[in-house]
Amino acid sequence: MDISKFKGCLVGTAIGDSLGANREGAWYISEVRDIGPRYTDDTAMTIGVVESLINCKGFNVDDMTARFIQNYLHEPWRGYGPGPPRIFNMILKGRRRWDEMLDRKLYPGGSFGNGAAMRIAPIGLFYYDEPEKLREIVYKASIITHSHELAIEGAFLQAYAVSLAVNTRKSTLNRYDFLKKLKNITNNEMYFRKLEVMERLLQDKADKIDVINYLGNGVEAINSVPTAIYSFLANNDFEESVVYAVSLGGDADTIGAMTGAIAGAYYGIESIPLKWIEKLENREYIEYLAEKLWELKSESSTK
Ligand code: F2R
Ligand code: MG
Ligand code: MG
């Protein structure tokens, strides 16, 4: 287990997010190569997940919920989706508990937004060698704010992609094998079909417009998680993967963040351009958290 992959994943998330932050909502295809001065809710919530894993030496739903709320109250201006702040307020008012699927009070059947998937990377890192446990923990970490099946399965596939990237030695990636593993593990028909389409798009070296049409670039998990996985698989280094992801527009910060998490976990921190690392907001703290998570995982693996 390589510390460079842990750092690459967390720093990669924040860089993809900061690169896409000013393009969120753009409807046109255009490349950006300079990161913005601020990351958004995607990174803020990812930080909450790592802080909680470190604090509790593993997953604890009450602590993770408390971190989300605490970090939101400290920085409510990070550009959160409409659902999570309303859920945090319900919990603060003491009316309900986290596990009551509070998002179902806001959306029929719960939220299918990508808010659970965008923050899930640290769980993919921490449980990278335990796929069954990974599914269980992703479920529990998601339903704090997102209980729709498509949001949970999207979060699981994103976490599983991170775990595969950590498990794959640099320069040994077989893109079709990677896709096959994702297809074998998903139990959702809609994601399975998108993964099949991805195989064809990769073979055809598809145009960006086809990628957007077939995979999507929206705020829904089903229209952004496959796009992030594809952005990683269709490119050959960290920089090109995140630039590609963000160039697709739509939910650019989130697709950038999720692509950055997978690409960073595969290529490692050394592969991330220094010009971006030097400019990244809160970079030292994010690297510190990655180190602590790696230490904790190393300790628990040797027990
Ligand atoms: N909030 C944003 N961007 C808005 C602009 C921010 C601006 N730049 C600023 O600075 O203020 N981005 C962030 O939100 C997305 C993640 O959202 P999340 O956490 O999933 O939120 P929510 O509310 O659960 O769902 C998002 C939207 O999905 C649709 N939706 C979900 N479930 C639905 C259902 N059952 N039926 C119908 N629609 C449903 C709704 O449109 C929700 O608003 C990320 O992009 C993050 O970057
Ligand atoms: Mg955001
Ligand atoms: Mg977004």
Side-chain angles (χ1 to χ4, degrees), residues 10 12-27 32 35-49 64-65 67-69 71-72 75-91 98 100-121 138 141-159 188 190 212 215-228 231 242 245-261 280-282 286:
L10 297 190
T13 299
I15 284 186
D17 181 14
S18 308
L19 189 71
N22 289 330
R23 290 215 76 225
E24 197 183 27
W27 54 268
V32 191
I35 69 166
R38 292 257 178 268
Y39 55 74
T40 77
D41 60 324
D42 305 56
T43 305
M45 292 201 83
T46 302
I47 287 175
V49 171
M64 197 167 283
T65 306
R67 300 258 160 197
F68 288 161
I69 296 176
N71 291 353
Y72 166 70
E75 299 177 331
W77 43 264
R78 288 276 180 199
Y80 282 77
R86 293 173 67 191
I87 291 169
F88 301 155
N89 280 322
M90 286 189 232
I91 296 171
W98 65 271
E100 285 185 67
M101 301 191 179
L102 295 171
D103 58 324
R104 295 186 180 196
K105 300 273 166 212
L106 310 175
Y107 301 111
S111 172
F112 49 61
N114 53 21
M118 75 186 187
R119 66 181 186 236
I120 211 71
V138 166
S142 298
I143 63 161
I144 300 169
T145 52
H146 292 71
S147 70
H148 195 287
E149 183 191 350
L150 291 176
I152 297 168
E153 189 64 11
F156 174 66
L157 288 175
Q158 170 65 14
N188 179 280
M190 282 172 78
I212 295 170
L215 300 182
N217 62 357
V219 71
E220 307 80 15
I222 186 72
N223 290 324
S224 49
V225 173
T227 317
S231 298
V242 290
V246 166
S247 76
L248 300 174
D251 198 353
D253 64 328
T254 303
I255 299 174
M258 295 192 292
T259 304
L280 177 64
E281 182 190 10
N282 231 348
I286 295 169

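Remember, it's 1-based here, ligands and their atoms both numbered in the order they're listed.
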Quick one: side chains of residues 110-117, donor-acceptor pairs under 3.5 Å with protein atoms, not counting sequence neighbours, listed by atom name and distance.
| unit_1 | atom_1 | unit_2 | atom_2 | d |
| --- | --- | --- | --- | --- |
| S111 | OG | G113 | N | 3.0 |
| N114 | ND2 | V219 | O | 3.2 |
| N114 | ND2 | S224 | OG | 3.1 |
| N114 | ND2 | D251 | OD2 | 2.8 |

Looking only at protein heavy atoms, which one is nearest to [atom], and how far off is it?
| atom | answer |
| --- | --- |
| atom 44 (C) of ligand 1 | T254 OG1, 3.2 Å |
| atom 23 (O) of ligand 1 | Y107 OH, 2.6 Å |
| atom 18 (P) of ligand 1 | H146 NE2, 3.5 Å |
| atom 43 (O) of ligand 1 | P82 CG, 3.1 Å |
| atom 45 (O) of ligand 1 | D251 OD2, 2.6 Å |
| atom 10 (O) of ligand 1 | G79 CA, 3.8 Å |

Trace of the side-chain contact (heavy atoms from CB on, under 4.5 Å) decision for V32 with N22: CA-CA 10 Å; V32 191; N22 289 330; over 6 Å; no
Closest contact, heavy atoms only, A141 versus I120: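 Answer, listing the atom of A141 first, then I120: CB-CD1, 4.2 Å.
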What pair of heavy atoms forms the shortest contact from G216 to T227, and how long is it? O-OG1, 2.6 Å
Check whether any side-chain heavy atom of [X] lies under 4.5 Å from a side-chain heavy atom of [Y], and answer yes or no.
| X | Y | answer |
| --- | --- | --- |
| D41 | D253 | yes |
| T40 | M118 | no |
| I143 | I152 | yes |
| M258 | V225 | yes |
| M64 | V49 | yes |
| R119 | H146 | yes |

So for ligand 1, is [X] a polar contact partner (N or O within less than 3.5 Å, distance only)?
| X | answer |
| --- | --- |
| P84 | no |
| F112 | yes |
| G110 | yes |
| S111 | yes |
| H148 | no |
| T40 | no |

From [X] atom [atom1] to [Y] atom [atom2], the distance as rounded to the nearest 0.5 Å:
| X | Y | atom1 | atom2 | result |
| --- | --- | --- | --- | --- |
| L19 | S247 | CG | OG | 9.5 Å |
| L280 | I15 | CG | CD1 | 5.0 Å |
| S142 | H148 | OG | NE2 | 13.0 Å |

Sub-2.8 Å protein N, O or S atoms surrounding the Mg ion (ligand 3): E24 OE2, D251 OD1, D253 OD1, T254 OG1
Proximal ligand 1 atoms for [X], defined as those under 4.0 Å from one of its heavy atoms:
| X | value |
| --- | --- |
| P108 | 35 (N) |
| G83 | 22 (P), 23 (O) |
| N114 | 15 (C), 16 (C), 20 (O), 44 (C), 45 (O) |
| D253 | 47 (O) |
| Y80 | 1 (N) |

Under 4.0 Å, heavy-atom basis, I'd like to know which part of [X] is in contact with ligand 1: side chain, backbone, both or neither.
| X | value |
| --- | --- |
| D42 | side chain |
| E220 | neither |
| E24 | side chain |

Minimum non-hydrogen distance to atom 13 (C) of ligand 1, winning option of V219, D41, D17: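 Closest candidate by heavy-atom distance is D41.
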If you compare A257, G81, S147 by their heavy atoms, the one closest to atom 14 (O) of ligand 1 turns out to be G81
Once you measure the plane-to-plane angle for Y80 and F88, does it fall in the parallel (<30°), tilted (30-60°) or perpendicular (>60°) bin?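 Taking F88 first and then Y80, their aromatic rings stand perpendicular (interplane angle over 60°).
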Please check if atom CH2 in W77 has more than 12 non-hydrogen atoms from other residues, nucleotides or ligands closer than 6.0 Å. yes
Cation-pi check, R78 to Y39: give yes when NZ or CZ is under 6.0 Å from the six-membered ring centre and within 45° of the ring axis, no otherwise. yes
Candidate pair D103 and S147, rule side-chain hydrogen bond (donor to acceptor under 3.5 Å, both in side chains), full reasoning: CA-CA 7 Å; D103 58 324; S147 70; 3.0 Å; yes
Is atom 41 (O) of ligand 1 near the protein, in the sense that some protein heavy atom lies at less than 4.0 Å from it?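 Given the 4.0 Å limit, the answer for atom 41 (O) of ligand 1 is no, no protein heavy atom qualifies.
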Going by a strict under-4.0 Å cutoff (protein heavy atoms only), does atom 37 (C) of ligand 1 have a neighbour on the protein? yes
I'd like to know if the side chain of D17 reaches the main chain of T43, judged simply by a donor and an acceptor atom lying under 3.5 Å from each other, with no hydrogens or angles considered.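 Side chain of D17 to backbone of T43, a donor-acceptor pair under 3.5 Å: yes, one is there.
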